[in-house]
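Chain naming here is simple, since letters A, B, ... match the order of the sequence lines and numbering starts at 1 in each. Quick caveat: nothing in here was measured; it's all calculated off a predicted structure. Atom set for the values below is all heavy atoms of this structure, side chains included, hydrogens, waters and symmetry mates excluded.
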Amino acid sequence: MKALYIASTGMSAQERNVEVISNNIANMRTTGFKRMRAEFQDLLYQSYRRAGSQTSDQGTIVPVGIEIGSGVKTAATPRIMSQGSVTPTEKELDLAVRGEGFFTIQLPDGRTAYTRDGSFERDAQGQLVNVDGYPVLPGIVIPDGASSVAISADGMVEAFLTENSAPTQLGQIQLARFVNKAGLESIGDNLFVETGSSGAPQVGLPNSDGMGNLLQGYLELSNVNAVTEIADLIAAQRAYEMNARVISGADEMLSATSQLR
Amino acid sequence: MENAQLISLSRQIALQRQMDVVANNMANINTTGFKMEQILFEDYEMPLANGGGISKEPSLAFVQDWATVRDFSPGAITQTGNPLDVAIEGDGFLVVDTPQGERWTKAGSLQISNTGMLVTLQGDPVMGENGPVVFGPDDTSFVIDANGSVLVDGASKAKLRVVEFENTHELTPIGTNLYSGGEPNPAVNTRIIQGSIERSNVSGVVEMAEMIRVSRAYQTLTSIMQRQDDIRRSAVQRLGDLNA
């Protein structure tokens, strides 16, 4: 009897589903977090009686066969890359992207990572870095004594230096976008790296080529919707319970068999 | 004498298979676009060797499973807000170009490949009227309208190929949410809804009730077989007793 194993694939799929949902809920307040969704697919079918096979010499055929599925599998956990809402923070180095682009971050191992989390800081050398201290590309240095740093919608960083009365341009923040941004690999710390399925990054300036523009003093919240997640959690939990009931039902049948003398 | 046991056995085998179908429906209760299956049974009349005379024996009917029928009624359509999700409302199917040939699917959770092509979660291209749907690197936001037309910045880019079948029973499920076979006709009775997906049409309550029924029927048959066995045992014991 396959029912036991079929129901166990259902239970493990729902377990995976709950894991994805709980990760979404855990990251509800993570800046720039993009929610994920578990997607399922049915497994192979076993054909006991094939539709279309002949049933008589007169050429009559089986109209509908017997096909018994063998359960479910988790096919993918695609990220839903929709825009999160932005919230004012009044911090001058907080940036939010409204559009498709990602900030580019130089990782210590030389790779380039991409993020939607624009809560940046200055390090001891005045360089613009993310919260882990990794430089934001292309390295922008805000010199000592600079005041009222302004970052325009197209990423131009300007500041008043002590000796000048007019603002000085310090550099322009670049963004990157991908053909398939859902194919990026998450490496934690709100960072993504490119993969074969995301395609190569197209680096450009904000406000061009659909990159989106920057908002200074704002952060992008996660796009997790608590109501949807809780509803999904309830559905997943019930589905899990029902699959468990199928296992115990199949078990009752088996125990009836084994009690035959 | 053994007939009662053999008939019970035929029913038990059929019930086991029915339990497998229930389990598969239940396992796929959260699978996008999944359609529930039902199993149908028929009786199989045992030919009697009665030599052409008047038979007093009643005819015997065994149970055998005859077909699994897929219920293509619509599942609940839920909003996801993801522009790459499409729900197919009506009788239509999307066309997927797999290495084995064209296949049909109801699962509209799509992705974009690294080359900008619209693909399924398996990476197989989803077909438009004129081949696969390919987005350029600058196509940021696209809209899929109710007819399946894909619009980028208001300009029509492609049109999803949506097909319908006169007889959906000809479709064979091949796993990974795909079906093969059947004769596709252009869809007339279908609407595409972007930003939503169609959930499976499995009803937990119905399947649970079915499972309990199957499980109890199986137990009843077991006790019938048990009783048959008891009768036979006592017959053997009584008749074999020399003092009788």
Please look at M19(B) and chain A and tell me whether the side chain, the backbone, both or neither of the residue comes under 4.5 angstrom of a heavy atom of that chain. both
When P173(B), G123(B), S215(B) are compared by non-hydrogen pairs under 4.5 Å with chain A, the top option: P173(B)
Part of R245(A) lying under 4.5 Å from any heavy atom of chain B: both
So what's closer than 4.5 Å to chain B heavy atoms on S198(A): side chain, backbone, both or neither? backbone
Residues E194(A) and R111(A) bridged, charged N to O under 4.0 Å: no
Quick one: of I174(B), I112(B), I212(B), V69(B), who has the most non-hydrogen atom pairs under 4.5 Å with chain A? I112(B)
For the residue pair Y114(A) and F103(A), is the inter-centroid distance of their aromatic rings smaller than 6.0 Å? no
Are F41(B) and F62(B) near enough that their ring centres are under 6.0 Å apart? no
Interface residue of largest heavy-atom contact number with chain B, from V62(A), V64(A), I247(A), L254(A), under 4.5 Å: V64(A)
Give a yes/no verdict on a cation-pi contact between R213(B) and Y218(B), requiring under 6.0 Å between NZ or CZ and the six-membered ring centre and an angle within 45° of the axis. no
Under 4.5 Å heavy-atom distance to chain B, tell me which part of N225(A) shows up: side chain, backbone, both or neither. neither
Does any backbone or side-chain atom of Y5(A) lie under 4.5 Å from a heavy atom of chain B? Answer side chain, backbone, both or neither. neither
Look at E207(B), Q219(B), H169(B), R17(B) and state which one has the largest set of heavy-atom pairs under 4.5 Å with chain A. R17(B)
Which atoms of Q111(B) come close to chain A, meaning under 4.5 Å heavy atom to heavy atom: side chain ones, backbone ones, both, or neither? side chain
Heavy-atom pairs under 4.5 Å with chain B: which of G196(A), A250(A), A13(A), A200(A) has the most? G196(A)
Surrounding CD of Q54(A) (heavy atoms of other residues, nucleotides or ligands, distance under 6.0 Å), is the total greater than 12? yes
Do we see a donor-acceptor contact under 3.5 Å between the side chains of E185(A) and T195(A)? no
Just give me the residue among V21(B), L40(B), N25(B), T32(B) that pairs up with chain A most often, heavy atom to heavy atom, under 4.5 Å. T32(B)
In terms of heavy-atom proximity below 4.5 Å to chain B, should T74(A) be classed as side chain, backbone, both, or neither? neither
So L95(A) and L215(A), do their side chains get closer than 4.5 Å, heavy atoms only? no
One option among G199(A), G10(A), G71(A), S47(A) has the most heavy-atom pairs under 4.5 Å with chain B, and it is G71(A)
Heavy-atom pairs under 4.5 Å with chain B are the metric here; pick the option from R50(A), R238(A), R37(A) that has the most. R37(A)
Is R199(B) paired with D232(A) through a side-chain N to carboxylate O contact shorter than 4.0 Å? yes
Is the distance between the ring centroids of Y179(B) and F72(B) less than 6.0 Å? yes
Ion pair K35(B)/E198(B), N-O distance below 4.0 Å: yes
In terms of heavy-atom pairs under 4.5 Å, which option from A7(A), G65(A), A239(A), S255(A) contacts chain B the most? G65(A)
Correct closest heavy-atom pair for R35(A) and V224(A) would be CB-CG2, 3.9 Å
Any salt bridge linking D91(B) with K106(B)? Criterion: basic side-chain nitrogen under 4.0 Å from a carboxylate oxygen. no
If we define contacts as heavy-atom pairs under 4.5 Å, which of R216(B), Q79(B), M208(B) has the most with chain A? M208(B)
So what's closer than 4.5 Å to chain A heavy atoms on T115(B): side chain, backbone, both or neither? backbone
Atom group of Q202(A) that falls short of 4.5 Å from chain B, counting heavy atoms: side chain
What residue, out of I197(B), N82(B), N28(B), has the most heavy-atom pairs lying under 4.5 Å from chain A? N28(B)
